[in-house]
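Quick notes on the structure that follows.
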Amino acid sequence: MSLASAVKARFHTEFGELPAFIVRAPGRVNLIGEHTDYNDGFVFPMAIDRAAWIALRPRADNRVLAISIDMGDRREFALDDLPRPSTVDWIDYLIGVAWALQGRGHALRGWEGVLSGDVPIGSGLSSSASLELATARAFHAVSGFTWDAAAMALACQSAENQWLGVNCGIMDQMISAAGVQDRALLIDCRSLETYSAPLPPSAAVVILDTNTRRGLVDSAYNQRRAQCEAASRHFGVAALRDVERKTFERRADELEPLMRRRARHVISENKRTLRARAAMDAGDAAALGQLMVESHISLRDDFEVSSPALDAIVDCANAEASCYGARMTGAGFGGCAVALVRAQSAGDFVERVQACYRAATGNEAILYITAASRGTETVYPQASN
Ligand code: ADP
Ligand code: MG
């Protein structure tokens with residue numbers, strides 16, 4: 001049963017009628033542009049065909065009642081008395097979004113509904129952003145404020161940063177809000193301008209989950225951020241985004257070797273990400289794949305955020321003749337890689353990479369053949385979209 005049918009059927013069981021609205025918001029995978037977002041740079045993600053879904057109806061009072069099928073849980077809160085999170089629980093994402101929307105002056109109405117998602121939790125495909133944007137869309141459906149994708153993404157990011165205390169850039173929320181079917185979205189993380197480019201028609205995107213997670217991700221992430229900030233201070237600019245490659249090459253010796261490598265990753269990755277736009281516009285899967293290969297090498301050697309498991313799965317993928325290119329994706333130290341693969345060979349690719357990774361590490365990978373989907377939307381009724 002599809003998730004749309006699942007939330008609808010459960011809604012009927014709980015509330016004795018059909019929902020007034022069904023909304024969905026997707027997870028994402030980043031094709032290229034890694035660790036560039038907090039340097040005011042460029043990222044190039046796509047929304048995936050996995051999403052959080054909410055079936056709901058408005059309430060006359062100012063309460064929200066949410067039933068999570070996946071958590072087997074039912075929670076309620078009042079919009080005029082938002083409870084601060086103690087330990088972060090799934091309902092806190094909904095409360096945080098309500099807080100952020102109210103903080104931006106939106107008058108919210110209450111609702112009740114059923115929620116379920118198929119973005120795997122904690123794999124780096126951003127189930128949290130999908131839940132936040134689905135929640136924002138639910139409030140939009142019952143409250144009727146104007147939907148602006150970038151404004152909603154910023155509100156959801158501030159919910160995650162300030163209400164939940166999780167440090168993240170704008171990419172996850174922006175792509176979940178503004179994804180385009182069959183296209184990837186180049187995002188300028190400084191201006192939030194977007195440009196959608198078609199995925200090469202011959203290619204499928206495969207997500208390769210190493211099934212490994214590392215505990216040190218947060219501290220390493222904060223350390224990389226600090227190193228980038230120090231490097232940009234050295235160059236006297238607001239962010240590494242502003243350092244031209246030529247300037248960097250001329251002045252690279254001024255930086256000590258570690259800082260030099262960190263800065264070189266960010267500066268070269270921004271360049272690769274802009275070149276990826278040209279490759280996509282030209283429908284050139286081979287060129288895009290090559291940029292992904294170079295991105296991985298830079299993340300592995302200069303930025304040092306890969307891991308043995310990520311390197312193993314990327315090597316397995318790149319060894320396949322059907323693979324245009326593969327790289328780690330997300331913050332790193334475990335989690336997922338992403339590969340661009342000849343569409344007609346994708347099934348075969350999945351089986352062979354699974355076997356290769358098992359032989360190399362003794363671990364089982366989880367692979368998803370995915371498609372670029374639309375961003376956050378009201379699925380029912382369609383006219384309110
Ligand atoms: P991810 O990398 O998937 O975004 P996070 O740790 O940032 O991982 O967010 C995962 C959290 O988001 C879960 O622990 C849960 O609280 C919430 N969440 C995500 N998807 C769902 C869902 N379908 N139902 C309920 N809560 C969810
Ligand atoms: Mg998250």
Side-chain angles (χ1 to χ4, degrees), residues 2-4 6-7 10-11 22-30 34 37-38 43 45 47-56 64-77 83 85-98 100 113-138 153 156-177 179 207-218 221 310 328-338 366 368 370 376:
S2 72
L3 283 182
V7 293
R10 178 67 182 271
F11 185 97
I22 302 176
V23 298
R24 68 172 274 286
R28 64 96 183 92
V29 66
N30 191 21
E34 212 66 72
D37 58 348
Y38 53 83
V43 295
I48 58 174
D49 51 358
R50 291 169 170 266
W53 294 74
I54 305 176
L56 69 145
V64 172
L65 164 66
I67 295 166
S68 164
I69 296 182
D70 310 316
M71 301 291 167
D73 197 10
R74 151 197 304 259
R75 303 287 295 272
E76 217 178 319
F77 63 90
S86 42
T87 57
V88 172
D89 199 1
W90 66 272
I91 195 68
D92 295 312
Y93 288 85
L94 284 74
I95 299 170
V97 170
V114 174
L115 149 74
S116 185
D118 58 2
V119 183
I121 288 175
S123 295
L125 303 178
S126 215
S127 67
S128 58
S130 75
L131 178 56
E132 289 152 14
L133 268 302
T135 302
R137 191 72 191 182
C156 288
Q157 183 202 13
S158 87
E160 187 143 350
N161 290 168
Q162 290 167 51
W163 191 263
L164 297 153
V166 179
N167 215 345
C168 64
I170 188 63
M171 169 170 68
D172 299 356
Q173 288 79 16
M174 192 65 197
I175 181 63
S176 181
I207 295 167
L208 320 150
D209 185 347
T210 60
N211 218 345
T212 61
R213 313 280 176 257
R214 283 283 186 78
L216 292 173
V217 181
D218 286 350
Y221 176 87
L310 281 167
M328 57 156 278
T329 183
F333 304 104
C336 293
V338 61
I366 307 162
Y368 311 95
T370 187
T376 303

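In each ligand, atom 1 is the first atom listed, and ligand 1 is the first ligand listed. Values below: all heavy atoms of this structure, side chains included; hydrogens, waters and symmetry mates excluded. Everything numeric in this text was worked out from a predicted model, so none of it was measured. Along the sequence shown, residues are numbered consecutively beginning with 1.
If you number the atoms of ligand 1 from 1 as listed, the ones under 4.0 Å from a heavy atom of Trp90 come out as 16 (O), 25 (C), 26 (N). For ligand 1 and Leu131, the ligand atoms under 4.0 Å from any heavy atom of the residue are 17 (C), 18 (N), 26 (N), 27 (C).
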Does Ile69 form a side chain to side chain contact (heavy atoms under 4.5 Å, CB included) with Val114? I'd like the steps, not just the answer. CA-CA 7 Å; Ile69 296 182; Val114 174; 3.6 Å; yes
Audit row: Ser176, Thr376, side chain to side chain contact (heavy atoms under 4.5 Å, CB included) steps and yes/no: CA-CA 6 Å; Ser176 181; Thr376 303; 3.9 Å; yes
With side chain to side chain contact (heavy atoms under 4.5 Å, CB included) as the test, would you mind laying out the steps for Asp172 and Glu132 before giving the verdict? CA-CA 10 Å; Asp172 299 356; Glu132 289 152 14; over 6 Å; no
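In terms of modelled atom types and a separation under 3.5 Å, the side chain of Arg50 and the main chain of Asp118 share a donor-acceptor contact. Side-chain N or O atoms of Arg28 include none that pairs as donor or acceptor with a backbone N or O of Ala129 at under 3.5 Å. The main-chain N or O of Gly117 is found under 3.5 Å from a side-chain atom of Asp70 such that the two form a donor-acceptor pair. With hydrogens and angles ignored, the 3.5 Å screen pairs a side-chain donor or acceptor of Gln157 with a backbone N or O of Cys168. Checked by atom type and distance alone, the side chain of Thr329 pairs as donor or acceptor with a backbone atom of Asn30 at under 3.5 Å.
For atom 7 (O) of ligand 1, the closest heavy atom belonging to the protein is Ser128 OG, 3.1 Å. Distance from atom 2 (O) of ligand 1 to its nearest protein heavy atom, with residue and atom name: Gly124 N, 3.4 Å. Shortest contact from atom 6 (O) of ligand 1 to any protein heavy atom: Tyr93 OH, 4.4 Å. Counting protein heavy atoms only, atom 19 (C) of ligand 1 is closest to Ser127 OG, 3.2 Å.
At least one N/O/S atom of Ser128, whether from backbone or side chain, sits less than 2.8 Å from the Mg ion (ligand 2).
Contacts between Asp70 and ligand 1, counted as non-hydrogen atom pairs separated by less than 4.0 Å, involve the side chain only. By the criterion of a heavy-atom distance under 4.0 Å, the backbone of Pro120, and not its side chain, is placed next to ligand 1.
Polar contact check, Asp89 against ligand 1: no nitrogen or oxygen pair lies under 3.5 Å apart.
The nearest non-hydrogen atom to atom 13 (C) of ligand 1, considering only Ile121, Ile69, Asp73, Leu94, comes from Ile121. Distances from atom 24 (N) of ligand 1 to the heavy atoms of Gly122, Ser68, Gly117 show the closest one on Ser68.
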